[in-house]
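Below is one structure, written out as structure tokens; the observations come after it.
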Amino acid sequence: MRPTTKFLLTLIAGFYLVDMFYPISNYLFLNKYLVLNQGEWWRILTVALVHGGLFHLGFNLYALMVLGNPLEDMLGQRKFLILFLTSLVGGSLASMFFNPSNVNAVGVSGAIFGLFGALAMLSNRYGIDNRPMYTVIGINLAIGFIFPGIDWRAHVGGLIGGYLIAQALIAFSRT
């Protein structure tokens, strides 16, 4: 297990456990009104620490482990953390600006989709056949459109953000 991925997994799972005994999620979820009108900008990042149940948490942590370890190996710790955080911000901003103002968003899936986007970009760049991953991305995007309560806007924002950030990280590492 790579150290930054392990840290993120531990942090997210730890906050879920803390929230079970000392509810803090009301201070962490993402909401457009609270960010824009109340100045609670930290919610753009803390949304990743709040999940809608154990299944939601488990699926996101599994995806982070599966995607995070190889990406951290390819990019290194610092660039991987930059990728993760900027994907999280991209997903949060898409959620915030394209959802109605009364929607409360939770979860780290915007960042997870950013990791998918980065892996897609890196696979294309280095000629790796990753067609099965595109199927997984497509299924997960479709789930967001089919089932209510899933923030597909955060998924799309994270996916696009991760793809673009990975391109920038590779381009700037060569200069």
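Since the model is a prediction, treat every value here as computed from it, not as a measurement.
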Specify the closest pair of heavy atoms between Y163 and A120, including all atoms of both residues, with the distance to one decimal. CE1-C, 4.3 Å
Close side-chain approach of W41 to L34, heavy-atom, < 4.5 Å: no
I would like to know whether L122 and I170 meet side chain to side chain contact (heavy atoms under 4.5 Å, CB included); could you show each step before the answer? CA-CA 9 Å; L122 292 167; I170 297 302; 3.7 Å; yes
Please step through side chain to side chain contact (heavy atoms under 4.5 Å, CB included) for the pair F15 and L57, ending with a clear verdict. CA-CA 11 Å; F15 265 88; L57 174 73; over 6 Å; no
Say whether, by atom type as modelled, one donor and one acceptor occur between the side chain of N104 and the main chain of N31 under 3.5 angstrom. no
Drop me the distance from L164's CG to L169's CG, to the nearest 0.5 angstrom. 11.0 Å
Please give me the minimum heavy-atom distance between G107 and H56, naming the atom from each residue. CA-CE1, 3.8 Å
Does L17 share a hydrophobic cluster with V108, counting links as ILVMFWY side-chain heavy atoms below 4.5 Å and allowing steps through other members? yes
Interatomic distance, N69 atom CG to T5 atom OG1 [nearest 0.5 angstrom]: 4.5 Å
L30 side, atom CG; E40 side, atom CD - distance, nearest 0.5 Å: 11.0 Å
Gap between atom CG of L67 and atom CD1 of I112 - 0.5 Å precision: 6.5 Å
Is there a path of hydrophobic side-chain contacts, each under 4.5 Å between heavy atoms of I/L/V/M/F/W/Y residues, joining V106 to V103? no
Is any side-chain heavy atom of I137 closer than 4.5 Å to a side-chain heavy atom of M133? yes
Does V66 belong to the same Ile/Leu/Val/Met/Phe/Trp/Tyr cluster as I128, with side-chain heavy atoms less than 4.5 Å apart forming each link? yes
Is it the case that atom CZ in F145 sees more than 12 heavy atoms from other parts of the structure closer than 6.0 Å? yes
Non-hydrogen side-chain atoms of L71 and R2 separated by less than 4.5 Å: no
Under the 3.5 angstrom rule, does the side chain of S95 hit a backbone N or O of A154 as a donor-acceptor pair? no
Indicate yes or no: at least one non-hydrogen side-chain atom of R153 is less than 4.5 angstrom from one of V156. no
More than 12 heavy atoms of other residues, nucleotides or ligands under 6.0 Å from OH of Y134: is that the case? yes
What do the steps show when you test Y27 against T46 for side chain to side chain contact (heavy atoms under 4.5 Å, CB included), and what is the final call? CA-CA 9 Å; Y27 303 105; T46 60; over 6 Å; no
Going from CZ on R125 to CD on Q167, what distance comes out if it is rounded to the nearest 0.5 angstrom? 7.0 Å
For the hydrophobic clusters of this structure (ILVMFWY residues joined by side-chain heavy atoms under 4.5 Å, transitively), does one cluster hold both I146 and F98? no
So, applying side chain to side chain contact (heavy atoms under 4.5 Å, CB included) with H51, which one of F59, Y16, F29 is it? Y16
Side-chain heavy-atom pair S92, R43 within 4.5 angstrom cut-off: no
Measure across T4 and E72 and return the closest heavy-atom pair with its distance rounded to 0.1 Å. N-OE2, 2.9 Å
Name of the residue among T135, L141, V136 meeting side chain to side chain contact (heavy atoms under 4.5 Å, CB included) with I139: T135
Search all heavy atoms of S123 against all heavy atoms of N130 and return the closest pair with its distance. OG-ND2, 2.8 Å
Please say yes or no: joined through hydrophobic side-chain contacts below 4.5 Å, possibly via intermediate residues, are L64 and L54 part of one cluster? yes
For W42 against G39, the heavy-atom pair lying closest together: CZ3-O, 4.4 Å
Just checking, any donor-acceptor pair under 3.5 angstrom between side chains of H155 and D151? no
Distance from S109 atom OG to L88 atom CG, nearest 0.5 Å? 9.5 Å
Is there a side-chain contact between M65 and L9 (heavy atoms, below 4.5 Å)? yes
Go through the steps for F113 and F116 under the test ring-ring contact (aromatic ring centres under 6.0 Å, His included), then give the verdict. CA-CA 5 Å; F113 271 85; F116 273 127; 5.7 Å; yes
Taking all non-hydrogen atoms of both residues into account, name the closest pair between A94 and G157 and its distance. CB-CA, 3.6 Å
Mind checking whether D73 and F80 have side chains closer than 4.5 Å, heavy atoms only? no
Do L28 and V47 come within less than 4.5 Å of each other through their side chains, counting heavy atoms only? no
